[in-house]
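For reference, the structure is listed below as structure tokens.
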Amino acid sequence: MALHMSSLFLRTLREDPADAEVPSHKLLVRAGYVRRVSPGIYAWLPLGLRVLRNVERIVRQEMDAIGAQELVFPALLPREPYEATNRWTDYGDNLFRLKDRKGGDYLLGPTHEELFTLTVKDLFSSYKDLPVSLYQIQTKYRDEARPRAGVLRGREFVMKDSYSFDIDAAGLEKSYQAHRDAYVRIFDRLGFDYVIVQAMSGAMGGSKSEEFLATAEVGEDTYVRCASCGYAANVEAVRVPAPDPVPFADAPAAHVEDTPDTPTIETLVDHLNERFPREDRAWTAADTLKNVVVMLVHPDGTREPLAIGVPGDREVDEKRLEAQVSPAEVEPFEATDFDANPALAKGYIGPGALGLDGTAHIRYLLDPRVAEGTRWVTGANQPGHHVIDLAAGRDFTADGTIEAAEVRAGDPCPACDSVLQSARGIEMGHVFQLGTKYAEALGLKVLDEKGKLVTVTMGSYGVGVSRAVAAVVEGNHDEAGICWPRELAPADVHIVAAGKDEQVLAAAEQVAVDLEDRGLSCIVDDRRGVSPGVKFKDSELIGVPTIVVVGKGLTRGVVEIKDRRSGLRREVPVGSAAAEVLAEVGRA
RNA sequence: CGGGGCAUGGCGCAGUUUGGUAGCGCGUCCGCUUUGGGAGCGGAAGGUCGCAGGUUCAAAUCCUGUUGCCCCGACCA
């Protein structure tokens with residue numbers, strides 16, 4: 001049965017809602033797909049629900065196609081399983097918590113590794129049962145610090161999450177690849193541009209992880225990509241290529257110089273150029289070695305100072321650093337910490353004092369760019385003094401390297417000779433090799449063929465289903481409204497009855513009946529007393545891909561078929577309208 | 001949690017500086033006209049101006065407190 005605009009539970013808005021900023025948010029509200037109920041919590045109106053269900057259908061089809069089995073867990077969960085994996089604590093304020101009448105602790109599930117793991121443990125106990133992949137499409141809850149952009153980032157949202165269970169790493173790799181392939185098919189069908197980027201496995205203890213990002217200016221994730229070789233990575237995961245070692249046999253010896261009042265890189269470079277000018281070129285910040293000290297706080301509460309050496313023209317990227325040192329957290333090195341480490345001369349810290357073997361006994365990690373044989377200007381560990389021509393490997397060594405320096409557009413690509421570009425994206429999917437973290441914590445083991453207990457190895461895979469609705473709109477709209485890809489549109493055809501005559505309404509209705517009979521879903525704008533202009537505007541705002549206009553052409557026996565996206569229109573005889581539309585929709 | 005902004009009929013906004021009968025556009029309802037690009041005319045309904053307290057003859061407007069929301073940053077499908 002076609003949807004009729006005269007009775008549809010829908011009110012389109014002429015103006016953008018005041019609280020909306022990004023295009024998808026404005027359009028989804030204006031076109032009557034969603035309504036805000038509370039910050040980050042949205043109601044899906046009839047048209048919106050249809051789109052959401054279409055996304056779910058695509059995801060479900062592709063998951064079923066790789067043999068994953070659908071089930072559904074409750075969103076309301078007891079505390080215990082999350083206690084076992086420490087996530088009751090680790091999730092912190094992001095977890096919605098509640099109590100039942102007896103005072104028992106519950107939570108609204110933010111993701112379901114624990115439940116899947118426990119249920120597999122409950123039912124399976126042999127390697128013969130594996131591999132198995134399970135998934136659900138379910139409403140998740142996260143008490144986001146700052147929900148934003150409508151359904152793009154809500155506190156309640158629909159996610160498809162799946163989990164694979166394998167006996168060994170080779171099996172996990174296969175399950176992972178199957179999911180990754182399924183995700184490629186899902187996102188191809190959803191119809192937005194996306195990139196697959198390498199991501200950090202980080203705290204989760206896994207070994208491999210990739211994110212699917214919809215390319216969008218409004219995205220919250222920054223990633224880099226290489227135009228020539230296709231390399232793409234989340235900023236956290238970028239590996240800096242280490243330069244080849246430089247021979248330092250004939251390099252000048254390091255020498256300490258007076259550099260008064262030069263506590264910052266900028267003042268130091270100015271001073272160098274004034275007092276110690278180079279013959280070949282001017283000194284730049286990239287010639288200096290900046291040593292930053294931070295305080296790591298380990299999960300058990302112990303604190304450990306860490307020194308990081310990066311070229312002076314780069315900042316330490318906090319996100320990258322945290323990804324590297326995870327699960328430890330990073331805190332600033334406070335004045336009291338300097339007091340406790342008198343070997344550190346604030347503003348003039350140099351490698352001499354650093355390292356576990358150094359006078360300050362602080363672990364010292366270097367940016368990969370500080371390769372053997374490279375020469376640097378750096379702190380001499382006494383106020384007002386720096387060392388020039390300090391050669392890495394000859395004059396100092398560190399305890400290792402670390403990927404913590406900021407990544408910039410124009411940096412060399414780690415995979416080829418080209419350079420990286422920076423871009424923004426919306427995280428739409430994540431595939432992730434978890435390994436044994438959850439299986440171990442929850443005791444998921446099976447007997448192998450030799451009768452020995454082995455811990456199961458897992459993968460976890462997510463798709464933001466409700467988020468996808470917004471992401472699709474971000475990538476598929478124009479000035480007038482939304483342009484849905486066919487598979488997602490709330491209907492196949494939008495029929496506009498443009499005219500007041502009864503024949504127009506009757507003819508529009510007949511076209512709708514013909515199309516519905518042939519398996520297409522229709523929206524019919526049968527509102528009386530509404531001018532054609534309003535109906536045209538609404539049809540473009542709502543964004544169904546094919547629009548059929550039944551109006552003044554009827555006296556000549558024709559109706560108009562219009563493509564929403566291109567705006568192209570053509571007239572066809574009213575009698576063959578249904579067949580023509582079917583051809584247009586590609587289901588003839 | 002830090003910074004900025006906003007709160008006035010269903011929606012979008014003005015009015016607040018300088019206290020004096022709460023206004024505009026859209027939408028909604030009724031009537032007539034109109035019908036291929038958000039129609040015209042006439043009529044109508046609808047607001048204790050976020051909340052609480054205070055100043056005053058008088059508060060949307062001034063003072064104090066409070067709550068909520070939006071945006072920008074640290075976290076995530």
Side-chain angles (χ1 to χ4, degrees), chain A residues 11-22 25-26 29-30 32 35-36 38-40 55 59 90-95 110-112 137-162 183 199-200 202-203 211-214 219-221 234 236 317-319 322-323 326 329-330 332 425-432 460-471 480-481 496-501 504-505 527-541 547 549-555 559-560 562 567 569:
Chain A
R11 181 107 308 148
T12 59
L13 304 179
R14 191 178 293 227
E15 293 169 276
D16 286 334
D19 58 1
E21 196 71 16
V22 305
H25 187 193
K26 290 177 181 172
V29 173
R30 272 190 64 203
R35 294 295 296 178
R36 194 186 73 101
S38 178
V55 175
V59 171
D90 286 353
Y91 241 99
D93 289 336
N94 273 353
L95 203 59
T111 170
H112 283 69
I137 295 175
Q138 194 224 27
T139 304
K140 307 289 187 193
Y141 297 86
R142 293 183 193 171
D143 192 0
E144 294 283 346
R146 192 161 81 82
R148 63 178 288 267
V151 296
L152 207 49
R153 179 195 181 84
R155 296 194 293 168
E156 177 182 285
F157 57 97
V158 179
M159 179 165 112
K160 187 286 299 181
D161 52 328
S162 46
Y183 277 27
M200 282 303 295
E211 289 173 359
F212 290 69
L213 302 182
E220 300 177 272
D221 283 23
N234 202 307
E236 284 93 325
D317 184 318
E318 212 170 312
K319 282 176 125 177
E322 291 196 340
S326 176
E329 301 206 344
V330 178
I426 304 165
E427 186 174 355
M428 295 310 310
H430 199 163
V431 290
F432 192 55
S460 93
Y461 318 90
V463 172
V465 172
S466 48
R467 172 177 283 183
V469 174
V496 172
K500 59 178 175 177
D501 297 338
V504 169
L505 289 171
R527 291 175 291 179
R528 293 165 189 269
V530 173
S531 69
V534 172
K535 293 183 177 180
F536 291 141
K537 291 288 186 193
D538 275 346
S539 70
E540 282 153 8
L541 181 59
I547 298 167
V549 182
V550 180
K552 67 183 182 189
L554 209 53
T555 55
V559 298
E560 196 173 282
K562 188 163 74 170
R569 54 181 81 183

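Throughout, protein chains are lettered first and strands after them, A, B, ... in sequence-line order, and every chain is numbered starting at 1.
Mapping A:Ser38 and A:Thr12 onto RNA chain B by nearest heavy atom places A:Thr12 closer to the 5' end of the strand. Comparing A:Gly150 and A:Gly429 against RNA chain B, the residue whose closest nucleotide sits nearer the 5' end is A:Gly150.
Among residues two or more places apart in sequence or in another chain, the salt bridge (charged side-chain N to carboxylate O under 4.0 Å, His left out) test is passed with A:Lys562 by A:Glu540. With sequence neighbours left out, the side-chain hydrogen bond (donor to acceptor under 3.5 Å, both in side chains) criterion links A:Lys26 to no other residue. Listed by chain and number, the residues in a side-chain hydrogen bond (donor to acceptor under 3.5 Å, both in side chains) with A:Asp501 amount to none (sequence neighbours excluded). Residues satisfying the salt bridge (charged side-chain N to carboxylate O under 4.0 Å, His left out) criterion with A:Glu156, sequence neighbours excluded, are absent altogether. In this structure A:Arg527 satisfies the salt bridge (charged side-chain N to carboxylate O under 4.0 Å, His left out) test together with A:Asp525, A:Asp538, sequence neighbours excluded. For A:Arg569, the salt bridge (charged side-chain N to carboxylate O under 4.0 Å, His left out) partners are A:Glu560, not counting sequence neighbours. With sequence neighbours excluded, no residue forms a side-chain hydrogen bond (donor to acceptor under 3.5 Å, both in side chains) with A:Lys535. For A:Arg35, the side-chain contact (heavy atoms from CB on, under 4.5 Å) test picks out A:Leu13, A:Val29, A:Leu45, with sequence neighbours left out. Taking the side-chain contact (heavy atoms from CB on, under 4.5 Å) definition, one finds that A:Asn94 meets it with A:Tyr91, sequence neighbours left out.
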Report each atom pair, protein N/O against N/O of nucleotides 73-75 of chain B, whose distance is under 3.5 angstrom.
residue : atom : partner  : partner atom : Å
B:C75   : OP1  : A:Glu322 : OE1          : 3.4
B:C75   : O2   : A:Arg153 : NH2          : 2.8
B:C75   : N3   : A:Arg153 : NH2          : 2.9

Interface polar pairs with nucleotides 66-68 of chain B, N/O, under 3.5 angstrom:
none

Which atom pairs link the protein and nucleotides 23-25 of chain B when you take only N or O atoms and keep those under 3.5 Å?
residue : atom : partner : partner atom : Å
B:G25   : N2   : A:Glu15 : OE1          : 3.3

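Within the nucleic acid shown, A:Ala149 comes within 4.0 Å of sugar-phosphate atoms alone, with no base atom in reach, counting heavy atoms only. Within 4.0 Å of A:Val530, counting heavy atoms only, lies at least one base atom of the nucleic acid. When heavy atoms are screened at a 4.0 angstrom cut-off, A:Glu560 is found touching base atoms of the nucleic acid. Base engagement by A:Gly154 is indicated by at least one non-hydrogen atom pair under 4.0 Å involving a base atom. At a threshold of 4.0 angstrom between heavy atoms, the contacts of A:Gly553 include nucleobase atoms, whether or not backbone atoms are also involved. Nucleic acid contact class of A:Gly551 (heavy atoms, under 4.0 Å, all strands): base.
Inter-residue side-chain proximity for A:Leu95 and A:Tyr141 is flagged as unmet; no heavy-atom pair is nearer than 4.5 Å.
The separation of B:G68 from B:G27, taken at their P atoms, amounts to 35 Å, rounded to a whole angstrom. A gap of 7 Å separates the C1' atoms of B:U55 and B:C63, to the nearest Å. Comparing the same atom, P, in B:G73 and in B:G37 gives a spacing of 43 Å after rounding to whole Å. Rounded to a whole angstrom, the distance from the C1' atom of B:U17 to that of B:A59 is 15 Å. Comparing B:G20 with B:A58, their C1' atoms sit 7 Å apart, to the nearest whole Å. Rounded to a whole angstrom, the distance from the C1' atom of B:A22 to that of B:G47 is 8 Å. Using C1' as the reference atom, B:A52 and B:G40 are 48 Å apart when rounded to the nearest Å. Using P as the reference atom, B:C30 and B:U18 are 47 Å apart when rounded to the nearest Å.
As rounded to whole Å, 7 Å separates atom P of B:C11 from atom CZ of A:Arg35. In this structure, A:Asp16 atom CG and B:G38 atom P are separated by 18 Å, rounded to whole Å. Following rounding to the nearest Å, A:Leu541 (CG) and B:G27 (C1') show an atom-to-atom distance of 15 Å. In this structure, A:His430 places its NE2 atom 10 Å from P of B:C76, rounding to the nearest Å. Here B:C13 presents its C1' atom at 15 Å from CZ of A:Arg14, a figure rounded to the nearest Å. Between the CZ atom of A:Arg11 and the P atom of B:C11 there is a distance of 13 Å, rounded to whole Å. As a whole-Å value, the separation of A:Glu540 CD from B:G36 P is 16 Å. We find that CG of A:Leu13 is positioned 14 Å from P of B:G10, with the value rounded to whole Å.
The phosphate of B:U35 has neither OP1 nor OP2 within less than 4.0 Å of any side-chain N or O from A:Ser531. The side chain of A:Lys537 places no N or O atom within less than 4.0 Å of a non-bridging phosphate oxygen (OP1 or OP2) of B:G38. Regarding contacts with the backbone of B:C70, a side-chain N or O of A:Arg36 is found under 4.0 angstrom from either OP1 or OP2.
Rounding to the nearest 0.5 Å places OG of A:Ser466 at 11.5 Å from CD1 of A:Ile137. Here A:Arg30 contributes atom CZ and A:Arg11 contributes atom CZ; the two are 14.5 Å apart, rounded to the nearest 0.5 Å. One distance of note links OG1 of A:Thr111 with CG of A:Asp161; it measures 5.5 Å at 0.5 Å rounding.
Applying the Watson-Crick and G-U wobble criteria (two distances, each under 3.5 Å), B:C26 pairs with B:G10. If you check B:C41 for Watson-Crick or wobble pairing at under 3.5 angstrom, you find it paired to B:G31. When Watson-Crick and G-U wobble pairs are counted only if both distances are under 3.5 Å, B:C76 pairs with no nucleotide at all. Pairing of B:G20, defined by two Watson-Crick or G-U wobble distances under 3.5 Å, is identified with B:C57.
You cannot call A:Phe536 stacked on the base of B:G36; the centres under 5.5 Å and planes under 30° rule is not satisfied.
Remark: the A:Ser539 side chain and the A:Lys537 side chain contain no N/O donor-acceptor pair separated by less than 3.5 Å.
Relative to the side chain of A:Arg30, the nucleotides B:A77, B:C71, B:G38 differ in distance, and B:G38 lies closest. Candidate nucleotides B:C76, B:G36, B:G38 were compared by shortest atom distance to the side chain of A:Val549, and B:G36 ranks first. In this structure, the nucleotide among B:G36, B:C70, B:A77 sitting nearest to the side chain of A:Asp19 is B:C70. Each of B:G12, B:G36, B:A77 was ranked by its minimum atom distance to the side chain of A:Ala18; first place goes to B:G12.
For A:Lys26 against B:G12, a side-chain-to-base donor-acceptor contact under 3.5 Å is absent.
Under a 3.5 Å cut-off, the side chain of A:Arg142 and the backbone N or O of A:Arg155 do not form any donor-acceptor pair.
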